[in-house]
There are 2 protein chains.
Amino acid sequence: MVSQAFDTAGWPTRELILLHASRLFAGRGFLGTSTRDIASAVGIRQPSMYSHFPSKHAIAEELLRRDLHAGIEALQRCAQDPAGPAVQLYRYLLWEVTSVRETPFDLRALYLGELLDLPEFEHGRRLNNEYEALLAGIIRSGIETQEFVATDVAFAQRAVDAIILEAIRCSGDRRQHRILDEPDMAAAFVVRALLRVPSRLPRVQAAAHRAGS
Amino acid sequence: MVSQAFDTAGWPTRELILLHASRLFAGRGFLGTSTRDIASAVGIRQPSMYSHFPSKHAIAEELLRRDLHAGIEALQRCAQDPAGPAVQLYRYLLWEVTSVRETPFDLRALYLGELLDLPEFEHGRRLNNEYEALLAGIIRSGIETQEFVATDVAFAQRAVDAIILEAIRCSGDRRQHRILDEPDMAAAFVVRALLRVPSRLPRVQAAAHRAGS
DNA sequence: GTCTATACCCGGATAGAC
DNA sequence: GTCTATCCGGGTATAGAC
């Protein structure tokens, strides 16, 4: 777990708190990380954090909010693509896995741990539901137009989520490069499993890479 | 999160500790669950736990050890099947998802949270590596015999892991029945995505269900 | 094996000087 | 905005009676 490789010179303290908190949460969980750990990673004293965030909870909430807003926007954008559900889904997965690879934040704790189950993260849960509904919409339309196999929508959505979450898991290991967090591999795996005619995959890929990716 | 539905009458205290601890870990994480919470769920006082386990860590370790031993055994058994890698993988997934559905323990925190990253769980990490090596072996042989698509072994293994982990995630929600934790759906999704000729899936399924499932 | 009592540390958060 | 000092609750674990 190297997790640096980003130039943090000149970042405002508030951003540094978000950055280091996300990485500490990833390693020890939200509840396992203390505000003292975060402050010490940033290089300030523990009470100074409270000039930037009213509570530890607020730090995680902002990380969640930023990430889910970006995901929801990307999904809405992809869902408008006239090339149909398979290309829409492929494009979204490319965007998501690329974004996970490139963000300086480590988002693992937000979705893999207990965080979203804690009662105080009601707002994050609402955003997450909105996100999942958009994803389910693309999948449903693919099943209805018979571009995808006739499978249970909820099941297919879970399977897609599973691959996205695994990409998030891998992003923590910055040792191994380009495994599941290789955007085209992840997107191809999912779309191939869903396409009614899997041999159409190369055409879907080509369409997804054409135009404003 | 209802999580009961099992008759715990007559269970020894030690087993009750494991049961309730697993469920509390699932909801608040290992580090977020206190020994007081566990004791109170079992119906004893907090120090009484130390007659059964030398530490909180030892409780999680036993849960890990039991689950990984069972998984490793099942993988070894499936890997000997003469019907080939696709059937071996399909059978193993059936076993795994069924086992996740039926166990009274809630195993989510063991694999989804920070637990395996904590330094004190070195033994669990070793077992987990052994488990993953066996799974990778089946996948590798499928790629070598060209029953599976020519893909990166590590990538395919991650994808299979992703689906198993999602089944574990779903098992917590005992509200929604039979979604990703429907054994045949999970197994079919994975094997279909890996088969070089996806139309062979029905034959693989039939073979997997024949004989000592 | 279970209890009460307790040691001792570390958690989040606040007050108030600079 | 950052600091020192501090409050107070809750954490794991142990001692020792029953």
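Contacts between residues 49-65 of chain B and DNA chain D, defined by a heavy-atom separation below 4.0 Å, involve B:Tyr50, B:Ser55, B:Lys56, listed by number.
If you take CD1 of A:Ile38 and P of D:dT2, they are 15 Å apart, rounded to a whole angstrom. Rounded to an integer number of Å, the gap from B:Ile44 CD1 to D:dC18 P is 21 Å. Put simply, CG on B:Leu31 is 15 Å from P on C:dC10, counting in whole angstrom units.
Taking the six-membered ring where the residue is Trp, B:His209 and B:Tyr90 present perpendicular rings, their angle passing 60° and hence far from 30°.
Salt-bridge annotation for A:Arg14 and A:Glu62: present, with a side-chain N of the basic residue lying under 4.0 Å from a carboxylate O of the acidic one. Taking 4.0 Å as the cut-off between side-chain N and carboxylate O, A:Glu166 and B:Arg158 count as a salt-bridged pair.
Side-chain contact, A:Gln88 with A:Tyr92: no donor N or O sits under 3.5 Å from an acceptor N or O. A:Asp37 and A:Ser34 share a donor-acceptor pair across their side chains, judged by distance under 3.5 Å alone. Inspection of the B:Tyr111 and B:Asn128 side chains reveals no N or O donor paired with an N or O acceptor under 3.5 Å.
Within a 6.0 Å sphere centred on CD of A:Glu120, heavy atoms belonging to other residues, nucleotides or ligands number more than 12.
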Report, one pair per line, the protein and nucleotides 4-10 of chain D atoms (nitrogen or oxygen only) whose separation is under 3.5 Å.
unit_1 : atom_1 : unit_2  : atom_2 : d
D:dT4  : OP2    : A:Arg45 : NE     : 3.3

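Between B:Phe30 and B:Phe121, the distance separating the two ring centers is shorter than 6.0 angstrom.
Between C:dA13 and A:Thr35, no contact under 4.0 Å exists linking OP1 or OP2 to a side-chain N or O.
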